[in-house]
Amino acid sequence: MRLLIVEDEADLRVALTMSLEEDGYVIDSAEDGEEGLYKAMNWDYDVIILDIMMPKMDGWDVLAELRKEKNTPVLILTARGAIDDRVKGLDLGSDDFLVKPFDMAELSARLRALIRRAAGKTSTVLTYRGLQLDTAKKTVSVDAIAVQLTALEYALVQFLLMHQDTVVSRTDLYEHLFNEDDDSLSNVLDVHVCNARRKLGGTYIKTRRGLGYTIGD
Amino acid sequence: MNKYRSIRWQLMAWQRFLLAAVLITLLSLHYHLRRKSEIAEVDASLQSALMSVMPAVAPMMGRGGPPPYEPNSNAPPPRYEPDEENNPLIIAETYLEEIESNGYYVTSWDTEKGLMLSVGAVPASASLGNYELIVETPHFLTLNGNRELVVTHNTDLIIVIGRPLTDVNLALKKTRYQLLLVGSLVFLIGHIGGGIIIRRTLQPIREISQTAEEIARGDHSRRIELAAAPEELASLAQTLNNSFNHLDSALEAQIRFSADASHELRTPIAVIMAQTQAALKRDRSTEEYKTILQACLRAGIRMRTMADSLLELTRISGNGSVLNMALTNLSEVISSAVEEATQLSENHPLSFQTLENSRPVQIDPERIHQVLMNLISNAVKHNPDGCTIRISQKETAEWAILEIADEGTGIPVDALPHIFERFYRVDESRSRESGGSGLGLSIVKSIIETHGGTIEAASIPGQGTTFTIQLPLNPASDR
C-alpha cells in the first residue's frame, strides 16, 4: 500500500514515514501543498495524509483541486480541531479527519479502515479459499497454518487480495508497492512474486501473461 | 434585610413618609383653624351675651349688690343654682332681683341657648356710683367642656358667662372624621401612584440588571435595550452596552488567543508523540535514538520559545506598569541597538542617522531596544542573502519617529495586513525552522502601543520593507 504524506513539519513527516514504513506501507512525502498536489495528481495513492496549514498552498486548496480529478482517500491530519474545520474538511471531500497531537495506533487503524473501505471490504481479514490475511494483526495463514512473509511479500499479497478476482497489472503493483525513490528493476517484482508464491504454496497467485497477476478465479 | 436596602423600598418609604407628613400637617392645620373659628364664634356669642346681660347686671352692682366676696378665702365662692323659673337670662328683672335677694353670687343657665352666667363678688366697700362697667380684662377659658368668658373689673365684679361646647365638639368630631377620610383617600392615591411611578422608574434598572445577569450567564450577544428609558438610564445603558461590547471583544480576543496558542502547541506535541511512538515500536540503534531525541528536543525548544513569548505578550499587553519609564534620548537607544546588531551579520550593512538635538522621550529604553533588535533581526532573517538596513530618527511637534527600513525582498501584499497578528507567519516553514514563535511582531506592537505609540509597516515586494514607529513626546501620563 502506498501512501502520500503531505506535511510541512519535517520532524513529524520523518516520524510518520518511519512508523508507517515499518507497518509495511510504502511512503512518499511532500513538504508543502504544491508538491503534495503534484504527487497526488500523478500517482494513485491508496491514502493521502494531508496537513492543512502549509506554505505555498494550504491543505484545503490541495483537497479541492485533487477532488476535481481524483477520488483518492484523503485523511486530514491537522492541529485545527474545531468543529468548523472538521465540517469543512469532510465537506471538501476528505474521508477522515484526525487532530494533532494524535496516537500512532489510531492513525494506523484509520488508514486500514480507509484502505479497506476503498476496496469495498468490511472486515480486517481478507480470505481466498484457504488463504487468510489479517490486516490488523499483519498475519498471513494458509489452511490455518501461519506463513512468514517479508514486508513486501505481505504488501503484494494484501494488494492482490484487496483486488480479488481482478488482474492487477505490474504497473499498478509498482505504483502501490514501491515509492518514488525505489529504483528496483522490474524483475525484482517477479522475484518477490515468486517468493510469495513459494511460501504460500498451491496456486494462489496466478500469472496472466502480458496482463499481470491475480488472486482469485 | 436585603429588601430594606433596595432603592425601591427606600424610595417608597421616603415617598410615603413625605406624603404622610404633608397630609398630617395640612389636615391638622385645617382642623385647628376650623376649631379656632368655631371657638371664635362661640366667643363672639359669649361676648354679645355679655353685652346684653351687662345693662341688667350693672345697676344691681351699684345698688349695694351682693355681700362682699372674699377673694382671698380659699373656699370657692358659693354658687347659686337658680331653678328654671328664675332664669336670670330669660327675665333680667328677675335675675337682678335674685341677685339682690340672695346676696352675693349667681350662676344661671339658659339651657336653650346653652348659656351660663355667673355674677358675683362685689366688695361691700365698693362704690359704683356711676354704672360704668368697664370690661377690662376679658378672658376666655375652656373649663370642663364649657367655654367661659370671665370679666373682672378690679375686684369689684366678676362676671363669668359661659356656654357648653357640646355642639362645637360634635361639629369638630365630624370634621375630624371627614379629614381622616380625605387624608386616607389622598394617601391611598399617593401610595398607589407613587408605587407605579417608582416601579416604572426602576423598571429599566431591573431590565439592565436582568440583561447583565444573562450576559454573565454566558449569553454574550445580549445587549440592554432601553428605547423608552429616561435619559439618565438610557445613557447608563449605552455606557454599559459599550463596556459589554468592549469586554465581549476582549473575551473573544482572549478565546482566539488561547485557541491560537493551543493550536500552535499541538504541532510540537504531535512531533514528540509521533517520534516517540515510532521509536518505541521496536528496538533501535543508538543513531536512530539520537535522531529521534534531537527531533523531540527541537519540539521542546519550540514550545519553550512559544511559552516565553506568550507570557511576554500577555505581560506587556496594555499593561503600562511593566514598563520602566525614563526620560531617554532615543539616539542613544538607536546607537546601542545598532552596535549590538552589527554583530548579527556581515551581510547586512547597517546605517543609522540620529537627530542632533532631539527631545528626550518618556520610554522604557530596554523595551524600545528590544523592539529595534527584533525588527533588525527580522530584516536579517528574512533576507538571508544580505541587504542594507537603515535606521533613522525624526521628530514632529508631538511624535518621536523611528524608521527601520531594509532593502530586502519585502512582504507579499496579501500578507502585509496580517504581519502583526499573533502566530502569523509570512513563510510558515522557514520561520518555524528558524525557531520563530510567530509572536515577535505582536510583542513589538504590544510594546509600542503600551507606550501610547503606533507602529506601521509598508513594503514593496522586491524593494524592501519600512517599519515606522511613532512614540508620543508628551504622553498623557506626563501631563
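Below, chains carry the letters A, B, ... as their sequence lines are ordered, and counting in each starts from 1.
- If you measure heavy-atom distances from Asp103(A) to chain B, the contacts under 4.5 Å come from both the backbone and the side chain.
- Interface remark: Ile292(B) contributes side-chain atoms only to the contact with chain A (heavy atom separation under 4.5 Å).
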Could you go through Ser19(A) and Gln277(B), starting from their C-alpha distance and side-chain angles, then the distance that decides it, and tell me whether this counts as side chain to side chain contact (heavy atoms under 4.5 Å, CB included)? CA-CA 8 Å; Ser19(A) 182; Gln277(B) 285 181 348; over 6 Å; no
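- Closest approach of Ala274(B) and Leu12(A) over heavy atoms only: CB-CD1, 3.5 Å.
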Please walk me through it: do Glu22(A) and Arg284(B) pass salt bridge (Lys or Arg N to Asp or Glu O under 4.0 Å)? CA-CA 12 Å; Glu22(A) 282 167 13; Arg284(B) 302 195 180 268; 2.6 Å; yes
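- Only one option out of Arg266(B), Arg298(B), Arg302(B) pairs with Glu9(A) in a salt bridge (charged side-chain N to carboxylate O under 4.0 Å, His left out); it is Arg302(B).
- In this structure, Arg390(B) places its CZ atom where only 12 or fewer heavy-atom neighbours from other residues, nucleotides or ligands lie under 6.0 Å away.
- Under a cut-off of 6.0 angstrom, the local environment of OH in Tyr289(B) is crowded, with over 12 non-hydrogen atoms contributed by other residues, nucleotides or ligands.
- Residue Glu456(B) places its CD atom among 12 or fewer non-hydrogen atoms of other residues, nucleotides or ligands, all under 6.0 Å distant.
- Of all heavy-atom pairs spanning Met18(A) and Ala279(B), the tightest one is CE-N, 4.1 Å.
- Within a 6.0 Å sphere centred on CG of Asp91(A), heavy atoms belonging to other residues, nucleotides or ligands number more than 12.
- The NZ atom of Lys100(A) lies 4.5 Å from the OG1 atom of Thr267(B); values are rounded to the nearest 0.5 Å.
- Within a 6.0 Å radius of NZ in Lys290(B), other residues, nucleotides and ligands contribute 12 heavy atoms or fewer.
- Contact tally against chain A (heavy-atom pairs below 4.5 Å) for Gln294(B), Arg282(B), Gln275(B): the top residue is Gln275(B).
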